[in-house]
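Every chain is numbered from 1, with letters handed out A, B, ... down the list of sequences. It should be emphasised that the depicted structure is a prediction, and the values quoted were computed from it without experimental measurement. The figures here come from the full heavy-atom set of this structure, side chains too, leaving out hydrogens, waters and symmetry mates.
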There are 2 protein chains.
Amino acid sequence: MGVSLKDIAEKLNLSKTTVSWVLSGQGNKKGISAETQNRVFACARELSYEPNLLARSLNTGISKTIGLILPSISDSFYAHIAHQIESEAEKEGYSLMIASSNSEIERENAMIRLFRSKKVDGMIIAPTKISKREISRLVDSHYPVLLFDRYFPEMRVNYVIINNEESSYKLVRHLIDKGFRKIAIITTNPHLLTMDMRREGYANALSDAHIRINPDLYGEVTYVNYQDNIYSTLDRIFHAVPDVDAFFFTTHILAIEALRYFYDRGIDINDGNWGLASMHEDSLFRVLAPRMNIAHFPIEEIGSNAVRILLNQIRQSNDPAAGEYVPESKVLPCRMEFRDQ
Amino acid sequence: MGVSLKDIAEKLNLSKTTVSWVLSGQGNKKGISAETQNRVFACARELSYEPNLLARSLNTGISKTIGLILPSISDSFYAHIAHQIESEAEKEGYSLMIASSNSEIERENAMIRLFRSKKVDGMIIAPTKISKREISRLVDSHYPVLLFDRYFPEMRVNYVIINNEESSYKLVRHLIDKGFRKIAIITTNPHLLTMDMRREGYANALSDAHIRINPDLYGEVTYVNYQDNIYSTLDRIFHAVPDVDAFFFTTHILAIEALRYFYDRGIDINDGNWGLASMHEDSLFRVLAPRMNIAHFPIEEIGSNAVRILLNQIRQSNDPAAGEYVPESKVLPCRMEFRDQ
DNA sequence: CTGAAAGCGCTTACAG
DNA sequence: CTGAAAGCGCTTACAG
C-alpha cells in the first residue's frame, strides 16, 4: 500500500539504513554525502513518502502520544482543559488520545488498560470516584501518570489541583466581611476529597470569624438527580433557617441549579440582600447573578502544568541514567473575583 | 520491560503461535487442547500480560483508532459532537485521537498528515476554510474520511451535514407568519458554503412571502473581531432601517453577541415587539431571550451517522473482495423550536 | 494438535 | 561514506 523506506532504498540502490538516517535528519552526523542526501530527499518527496509511526514506535518504545481520561469531554470545564492540554502537548510533538469515563469506574479502568496496550507514553487522568485499581497498577509499574482535579493523597503520583480549601475560605470570608452571617453551603459527593477541602475552607472561615457552624445551613445534594434534589435541599434550608442570607456553592453546577430554584420560587437573588459565592464559573452567572463572587479555576495553568510534569516523568523514565522518580505536585491558586456587596 | 507472547511461550514451552492463537480466542478453532489453553490463560493472567497493540497494528494494518479533527475541542458544539463520536466509536472497539485545527488551515493539514502517519484507520473532519489540499490527498488515495459541519460538494467524499437551507427557511418563515416584515439577517464568513445555504433559506422564505429583500437588512460580520464588528453592523442596520422588527442569526455565536448589544443599547428585545431566530442553541437563550426561535442541531445523529458511515468505508477498504467505494452522505433535519409570538 | 518462519516498517549497534 | 543484520512484538500462511 504505502511507500516505505525499502522502496526508496531499492529505487536509489541504497540501504534502508542510509535512507533512514537521511530522512531522520542524521545525514550530516553520519557523514552521508550531500549528493546522496539530496537524492534521498528528492525521491521521498517524489513518492510522497510518509513514515509509518507505528513501526517507529514499536522499535523505539516511544509513541509520542499521551492518553487523556476525563469524566466527560462534553463538560465545558474538561473540554477547555483538554484544549489546553492538547496545545501544550503539541508543542512538544505529542498527540492526544481521549476517552470519557462518564464517571463510571469500570469504564475508567478499561480505558486505562486500553491506553496502556496502545502504548501511550503517559496518561493524564481526572479520576472518578474513590476506586483506583488501575491507577494504582500504573503507579506501581512506574508508568508516567498525572492526576488532576481530584487526587489520592496517599498515592505516590504526580498531581495538579487547585487550592480548594484556600479559595473556599476566601470566598466565604468575603461574604462575612460584607456582613453576611447565615451562610449556607451547598455541596455534593462527600466522598470526594475535593469537596471535603471546600467544606473545610467554609468551616474555617466561619470559625475564624467566631460564627457558629449551623448544621441546618449544610446542604448536601447527591450527584444523581441533583436537579430535583437541590430543590428539596434548599426548601429544607429555608424552612429551618428562614433568615438565611447567603449561599456558598462548592461547584458552578450546583449554583446554576440553585439560581433556577430561586427564579422558580420568586426569590430575587439580585436585590442586594443576598450573598453569593461559587467555586468555578459559568457563562450564565454574568447574566443571572451578576453579584456572584467567583473563584475562577486556572484552566491554562492546570493544562500547562499537567503536561509539563507528565513530560518530565516520561523523559526521566526514558533515561536509563535517571534515578528513582520523585512525584511532583502543584496546587494552583484560583483567580478570585469579589463583588463589592 | 513488558511481558510479551514470547515470555509466555518460553515459560510454558510452547510456540508463540500457539500462545497467540489461544489469547486471540482462536484456540478452539485451531484445535488447541483445553489443557494447553488453560495453561496459557493462567500464565497470561499470572504475568499480567497485556498485548502490545502497536505490534498488532503494524502487522495487521488495522489500528482500531480514528482521528477526529475539529476547529476547537473547547467549543461546546464540537465538544458534544466529540463525546457522541467517542461513545459510538467505542461501541465498535475504536479509540479516538483528537486534534484542534484552531481554524488554521496549515494546522489542519499538519494534523491530517500526522494522523495518517500514525495510521489511524480513518478520519472524521470538520474542515476549516476553503483550502483542502490534504483532504483531497486523503480522498484521492482512498483513505477513509468523513466530513461534517462543512463540506465540499464537488469532492467524492462522505459527509454529514444539517439541512441548512431548510431549517433557515422554516425559522424565517415562522417570523413572517408571526407578522414580522423587516427581518435582518446577521451572518458571517460568506465563503463558507454552510453560511451561503443559510442565507439562501432566508432569501427563499422572504421571496416566497413576496417580501422584497432589502440589502440594508443584510449584516455580515467578519470572523476575526466579531465581537466589535457586530456592534457596528447592528448600528448600521438600525440607522438604515429604524423600524427593523426581527433578526435571524445564522449561528448562536452571533446571536449571543447581538443579545449583549441589545442589552448595552437599552433595547428590550423581550418586550414582545421583536422577532428572533437562531441556528443552533445556547444555554443563555433560555434566560436572555426566551422568545428566540431555534433550530437545534441534532448532535446525536451527527455523531452516530458520522461514525457509522466512516466505519462502513473502513470495513470495505479492508475487504479485498469489495468493489469501488461509493461515498455516502446524510443531510439531517434540525429539531425546530418555535415560539408563539 | 503444535511449531518454525516470514513479515509488518522502522531504528540502531556493529562492521568495514 | 555506506550496508548487512538484528530486533521491536505481534499475526498468519505453511508444514507436519
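The interatomic distance linking Leu53(B) (CG) with dC10(D) (P) rounds to 9 Å, in whole Å. Going from atom NZ of Lys119(A) over to atom C1' of dG9(D) covers 9 Å, rounded to whole Å. Atoms NZ (Lys118(A)) and P (dC10(D)) sit 15 Å apart, rounded to a whole Å. Taking atom CG of Leu12(B) as the reference point, atom C1' of dC1(C) lies 16 Å away to the nearest angstrom. Distance, Arg56(B) CZ to dT12(D) C1': 13 Å, rounded to whole Å. We find that CG of Leu5(B) is positioned 13 Å from P of dG3(C), with the value rounded to whole Å. The distance between atom CG of Asn59(B) and atom P of dG7(C), rounded to the nearest whole Å, is 12 Å. In this structure, Glu35(A) atom CD and dC1(D) atom C1' are separated by 12 Å, rounded to whole Å.
You'll find the side chain of Glu92(B) reaches within 4.5 Å of the side chain of Arg315(B), heavy atoms only. With a 4.5 Å cut-off on side-chain heavy atoms, His142(A) and Tyr325(A) do not count as touching. Taking the side chain as every heavy atom from C-beta outward, Lys132(A) and Ile105(A) never approach each other to under 4.5 Å. A 4.5 Å side-chain heavy-atom check between Thr36(A) and Thr18(A) finds at least one atom pair inside the cut-off. Looking at Ile161(B) and Phe148(B), their side chains never come closer than 4.5 Å, going by heavy atoms from C-beta outward.
Using a 4.0 Å heavy-atom cutoff across all strands shown, Leu14(A) reaches sugar-phosphate atoms only and no base atom. Within the nucleic acid shown, Asp7(B) has no heavy atom closer than 4.0 Å to any nucleic acid atom. As judged by a 4.0 angstrom heavy-atom cut-off over every strand, Asn52(A) is placed among residues touching the sugar-phosphate backbone only. Nucleic acid contact for Asn28(B): none, since no nucleic acid atom lies under 4.0 Å from a heavy atom of the residue. At a threshold of 4.0 angstrom between heavy atoms, the contacts of Ser57(A) with the nucleic acid are absent. Across all strands, Ser24(B) comes closer than 4.0 Å to no nucleic acid atom at all (heavy-atom distances).
Put simply, the side chain of Ser117(B) gets close to the backbone of Pro51(A): a donor and an acceptor are under 3.5 Å apart. In terms of modelled atom types and a separation under 3.5 Å, the side chain of Ser100(A) and the main chain of Asn102(A) share no donor-acceptor contact.
Using a 4.0 Å cut-off, some side-chain N or O of Thr18(A) falls inside it from OP1 or OP2 of dG3(D). Contact check, Ser20(A) against dT11(C): a side-chain N or O comes under 4.0 Å of OP1 or OP2. The shortest distance between the side-chain N/O atoms of Ser4(A) and the OP1/OP2 oxygens of dG9(C) is not below 4.0 Å.
Under a 4.0 Å N-O distance rule, the pair Glu301(B)/Lys330(B) does not qualify as a salt bridge.
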Original post:
Checking salt bridge (charged side-chain N to carboxylate O under 4.0 Å, His left out) for the pair Lys119(B)/Glu50(A): CA distance, chi angles, key distance, verdict?
Top reply: CA-CA 10 Å; Lys119(B) 300 293 165 187; Glu50(A) 288 178 326; over 6 Å; no
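Residues Thr60(B) and Lys16(A) each lie close to DNA chain D; by heavy-atom proximity, the contact nearer the 5' end of the strand is made by Lys16(A).
In the interface, the side chain of Thr17(B) is paired with the base of dT12(D) through a donor and an acceptor atom under 3.5 Å apart.
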Subject >> Secondary structure of DNA chain D in dot-bracket form (Watson-Crick or G-U wobble, distances below 3.5 Å, | marking inter-strand pairs) >> reply: |||.||||||||.|||
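Of the residues Val157(A), Leu68(A), Ile69(A), Leu146(A), the one that meets the side-chain contact (heavy atoms from CB on, under 4.5 Å) test with Ile125(A) is Ile69(A).
Rounded to whole Å, the separation between the P atoms of dC1(D) and dA13(C) comes to 22 Å.
Listed by residue number, the members of residues 40-49 of chain B with any heavy atom below 4.0 angstrom from DNA chain D are Tyr49(B).
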